[in-house]
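Remember, it's 1-based here, ligands and their atoms both numbered in the order they're listed.
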Amino acid sequence: MTDITTEQATAAASGAAATERFRSRHQSGHTSAGTERVDTLATELITAVHDIVRRHQVTYAEYDALKAWLIQVGQDSEWPLFLDVWIEHVVEEVANENREGSKGTIEGPYYVPGSPRLPAEATLPMRDGEKGTPLLFQGHVTSVDGTPLSGATVEIWHADNDGYYSQFAPGLPEWNLRGHVVADETGHFWINTIEPAPYQIPTDGSCGRLITAAGWHAWRPAHLHLKVSAPGHQLITTQLYFRGGNHVEDDIAQAVKPELILAPTPVADGKGDGNEVTYDFVLDKA
Ligand code: DHB
Ligand code: FE
């Protein structure tokens with residue numbers, strides 16, 4: 001993957017890393033869709049743009065600004081960031097509309113497969129004195145019929161207390177705040193980590209320029225990313241948020257659902273610092 005050599009977590013550096021990561025997981029850009037499907041989708045997309053041009057009397061100056069911006073998104077390697085912030089949530093809505101179990105939400109651009117495998121009572125890899133409020137996140141994984149899922153896997157990744165993800169911002173240990181935890185025979189898991197900070201879309205690239213030009217804000221609420229799986233069940237990709245946190249009500253990626261908001265409480269006296277919270281996952285059968 002691309003080395004991030006800049007000292008700053010720039011849009012170009014995190015975009016390049018996200019682009020490389022996407023390419024490594026999706027070998028070719030070839031679609032498995034047939035000609036008819038591509039014809040339908042591409043024609044409707046192009047026609048929707050024509051309608052917007054007519055409805056809003058788009059000028060040549062605006063058309064050229066769009067052209068310059070699209071070229072720049074590619075040059076900044078910001079397509080993964082753009083798509084996952086503004087489009088993915090609807091793809092997820094369609095993909096998971098028939099699930100009965102836990103709610104999913106977007107994966108985002110910063111998933112990395114192959115994180116360290118950890119026991120059911122786990123502490124995520126983190127730096128000595130990792131900044132942030134300690135968080136004990138625990139729960140059970142069950143099937144939709146209530147059966148505990150022995151040995152379910154809870155894969156977790158999240159930003160640090162400055163809002164940065166390991167492998168996408170400079171200076172962080174490779175697997176910082178990433179791991180996959182194997183639940184015990186009752187489907188129970190305990191994960192010691194820290195509460196992440198809200199995440200800001202890099203403001204110095206083309207996505208940032210769009211946000212500024214449109215008068216939007218660049219924030220996602222603090223979140224934990226998860227992929228939960230078990231044999232014979234459908235994997236769920238989701239995120240969990242923190243009640244009362246900044247931007248829970250106005251996530252730029254529109255990925256918050258009421259069922260995904262945690263309300264951690266201070267850990268009981270004598271059990272250490274920080275907060276604790278329980279969240280149970282329910283998986284649909286495969
Ligand atoms: C983006 C970043 C995230 O951390 C996330 O969860 C979703 C999208 C982004 O920058 O595109
Ligand atoms: Fe994220």
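Between Glu259 and Arg99 there is no salt bridge, since no side-chain nitrogen of the basic residue lies less than 4.0 Å from a carboxylate oxygen of the acidic one. No salt bridge links Glu78 with Arg209; every basic N to acidic carboxylate O contact stays at or beyond 4.0 Å.
Between Tyr111 and Trp157, the two ring planes are tilted [angle within 30° to 60°]. Ring geometry for His225 against His223 counts as perpendicular: the plane angle is over 60°, on a 0 to 90° scale with 30° as the lower cut.
For the Fe ion (ligand 2), the nearest N, O or S atom contributed by His225 is named NE2. Taking the Fe ion (ligand 2) as reference, the nearest N/O/S atom within His223 carries the name NE2.
Looking only at heavy atoms of the protein, atom 5 (C) of ligand 1 is closest to Arg220 NH1, 3.3 Å. Looking only at heavy atoms of the protein, atom 4 (O) of ligand 1 is closest to Tyr165 OH, 2.9 Å. Protein heavy atom closest to atom 10 (O) of ligand 1, with residue, atom name and distance, is Tyr199 OH, 2.8 Å.
Ligand-side atoms of ligand 1 in range of Leu81: 10 (O), 11 (O), range being under 4.0 angstrom from any heavy atom.
At least one N or O atom of His225 sits closer than 3.5 Å to an N or O atom of ligand 1. Geometrically, ligand 1 and Glu107 share no nitrogen or oxygen pair separated by less than 3.5 Å.
Remark: of the listed residues His180, Arg178, Gln167, His180 is the sole one forming a side-chain hydrogen bond (donor to acceptor under 3.5 Å, both in side chains) with Ser115.
For atom 3 (C) of ligand 1, the nearest non-hydrogen atom from the set Pro80, Pro196, Pro109 comes from Pro109.
The distance from atom OG1 of Thr40 to atom CG of Leu45, rounded to the nearest 0.5 Å, is 12.5 Å.
Residue Tyr199 does not count as close to the Fe ion (ligand 2), with no N, O or S atom under 2.8 Å.
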